[in-house]
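I have placed the structure first, in the form of structure tokens, so that the comments after it can refer back to it.
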Amino acid sequence: MKKIFALAMAAAMALSIAACGNNGGSSSKNNSSVSNPGSSSSQNGGSSAPQGGADISVYTNAYFAPFEYYDGTDIVGVDVDVMNLVGEKLGRKVNYTNVEFGVIIDTVSSGNLADVGAAGITITDSRKELVDFSDPYFTSVQYVIYPAGTMTPDGTDGDVSYILWDSLAGKKIGVQADTTGDIYVDMEINAANGDDYDLGRDGMLLNSGAEETRYDSAQLAADAVGAGQVDVVVVDYLPASYIVDKNTGYECAALYYPAGVDGADAAFPTEEQYAICVTKGQDELLAAINEVLAGLGQDGINDLVMKHMGLE
């Protein structure tokens, strides 16, 4: 059976109980995270290191805490800290632009407006055809956000409560557009045989009555749950924990495939790995990113996660 504790659970095990628990009360949104991420672009200066070459242009989606989010008018987060270290290493200034998640890969692939995509991006075979990925630095799983008391987890895996895909049958499911949560849900509802087949099992929710609605951010999807427009949200673990921690009336649990799928003896998580992407041919930049990630190591990445979750 696949295990998910390499980074995600080691970094924030307490959150699997605390942040994904019931905060009580009615749903209320975190207003700092509800703007349409595609409505405008914003930049902050990033590293203040002396110039050692052209600025590094980073495209991100700043509504994916703790990896990237707004602190006032500045974009901050785990990925920003990593790229600032890269800028210092190369002696180059780093500029960040907030865009819709769905344009990041194509823009970095073109090499015209952005050199780097840093937005909690999952490695997939189809994306590797367009961009070069750094070494993976974080293992994540998909989680389900739901109104407190409306769902009962199907089981536990150690300290982690999980919901099986079957339990989403007939539900209206909100996702952040173009993320892996979107890919997984689309493929399980429609049994699509698309480029990202490596992420789905093709049809866990086929003909179940489940429906998918796409939003510009995970927070907007969560707000739609509060408004009764969708029943649940499927999104990566740490953003789910962040949303549940910052908004009352929600709970979340890991999203698992049932035993028997792919011959597994027990239920297993919907799992993926994050990396930073660069325009193909940017070998020096890619090498610097990998060197920074290696220098941080698992403990360093975990420390950044804890810092931006407010748990250090």
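We count residues from 1, following the sequence as given.
- Nearest heavy atom pair, residue Ile173 against residue Leu205, reads CD1-CD1, 3.9 Å.
- Separating the CD atom in Glu291 from the CG atom in Leu286 is a distance of 10.0 Å, to the nearest 0.5 Å.
- Val94 places none of its side-chain heavy atoms less than 4.5 Å from the side chain of Glu88.
- Phe67 and His308 have their aromatic ring centers separated by at least 6.0 angstrom.
- Residue Tyr63 forms a side chain to side chain contact (heavy atoms under 4.5 Å, CB included) with just one option from Phe101, Tyr70, Tyr69, and that option is Tyr70.
- A side-chain donor-acceptor contact under 3.5 Å links Thr124 to the backbone of Arg127.
- No side-chain heavy atom of Tyr250 sits under 4.5 Å from any side-chain heavy atom of Val232.
- With sequence neighbours excluded, the residues satisfying salt bridge (Lys or Arg N to Asp or Glu O under 4.0 Å) with Asp182 are Arg214.
- The structure places CD of Glu271 at 11.0 Å from OG1 of Thr122, a figure rounded to the nearest 0.5 Å.
- Side-chain atoms of Ser57 do not come within 3.5 Å of backbone N or O of Asp115 as any donor-acceptor pair.
- Tyr137 and Asp79 are linked by a side-chain donor-acceptor pair at a separation below 3.5 angstrom, with hydrogens and angles left out of the test.
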Query - Worked verdict on Val244 versus Ile145 for side chain to side chain contact (heavy atoms under 4.5 Å, CB included) - result: CA-CA 8 Å; Val244 170; Ile145 301 173; 4.2 Å; yes

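- A 4.5 Å side-chain heavy-atom check between Ile301 and Leu293 finds at least one atom pair inside the cut-off.
- With hydrogens and angles ignored, the 3.5 Å screen pairs a side-chain donor or acceptor of Asp154 with a backbone N or O of Leu164.
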Report task. Determine, stepwise, if the pair Gln273 / Phe133 fulfils side chain to side chain contact (heavy atoms under 4.5 Å, CB included). Result -> CA-CA 11 Å; Gln273 288 188 309; Phe133 278 103; over 6 Å; no

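- The distance from atom CE of Met187 to atom OG1 of Thr180, rounded to the nearest 0.5 Å, is 12.5 Å.
- Taking 4.5 Å as the limit, every side-chain heavy atom of Phe268 sits out of range of all side-chain heavy atoms of Asp157.
- In this structure, Met151 and Lys171 approach most closely via the heavy-atom pair CE-CE, 3.8 Å.
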Report task. Step by step, work out the side chain to side chain contact (heavy atoms under 4.5 Å, CB included) result for Leu238 and Phe138. Result -> CA-CA 11 Å; Leu238 286 177; Phe138 197 87; 3.3 Å; yes

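- Taken from CD1 in Ile183 to CG in Asp178, the straight-line distance is 8.0 Å, to the nearest 0.5 Å.
- With hydrogens and angles ignored, the 3.5 Å screen pairs a side-chain donor or acceptor of Ser217 with a backbone N or O of Leu220.
- Gln219 and Asn247 share a donor-acceptor pair across their side chains, judged by distance under 3.5 Å alone.
- Thr107 places a side-chain N or O within donor-acceptor distance of the main-chain N or O of Val103, the cut-off being under 3.5 Å.
- The closest side-chain heavy-atom distance from Leu90 to Glu284 is below 4.5 Å.
- A side-chain donor from one of Glu272 and Gln142 sits under 3.5 Å from a side-chain acceptor of the other.
- Heavy atoms only, all atoms of each residue included: Leu130 and Ile105 are closest at CD1-CG2, 3.7 Å.
- When atom types are taken as modelled, the side chain of Glu68 and the backbone of Gly120 share a donor-acceptor pair closer than 3.5 angstrom.
- Between Thr270 and Tyr257 the shortest side-chain heavy-atom distance falls below 4.5 Å.
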Query - Candidate pair Val86 and Lys89, rule side chain to side chain contact (heavy atoms under 4.5 Å, CB included), full reasoning - result: CA-CA 5 Å; Val86 172; Lys89 183 177 187 64; 5.5 Å; no

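- Rounding to the nearest 0.5 angstrom, the gap separating the CG atom in Leu285 from the OG1 atom in Thr279 is 8.0 Å.
- In this structure the side chain of Val99 never reaches within 4.5 angstrom of the side chain of Thr60, judged on heavy atoms.
- Proximity of a side-chain donor or acceptor of Glu188 to a complementary backbone N or O of Met204 within less than 3.5 Å is detected.
- Between Trp165 and Tyr256, the distance separating the two ring centers is not shorter than 6.0 angstrom.
- In this structure, Asp71 contributes its side chain and Val76 its backbone to no donor-acceptor pair below 3.5 Å.
- The side-chain heavy atoms of Val175 and Thr213, taken from C-beta on, include no pair separated by under 4.5 Å.
- Taking each heavy atom of Gly87 and Ile56 in turn, the nearest pair found is CA-CD1, 4.4 Å.
- Heavy-atom minimum distance, Cys277 versus Ile121: SG-CD1, 4.0 Å.
- Between Lys172 and Asp231 there is no salt bridge, since no side-chain nitrogen of the basic residue lies less than 4.0 Å from a carboxylate oxygen of the acidic one.
- No donor-acceptor contact under 3.5 angstrom links the side chains of Glu212 and Asn190, judged on distance only.
- Of all heavy-atom pairs between Ala222 and Val233, the closest is N-CG2, 3.7 Å.
- Remark: Leu296 CG to Asn302 CG distance equals 10.5 Å, nearest 0.5 Å.
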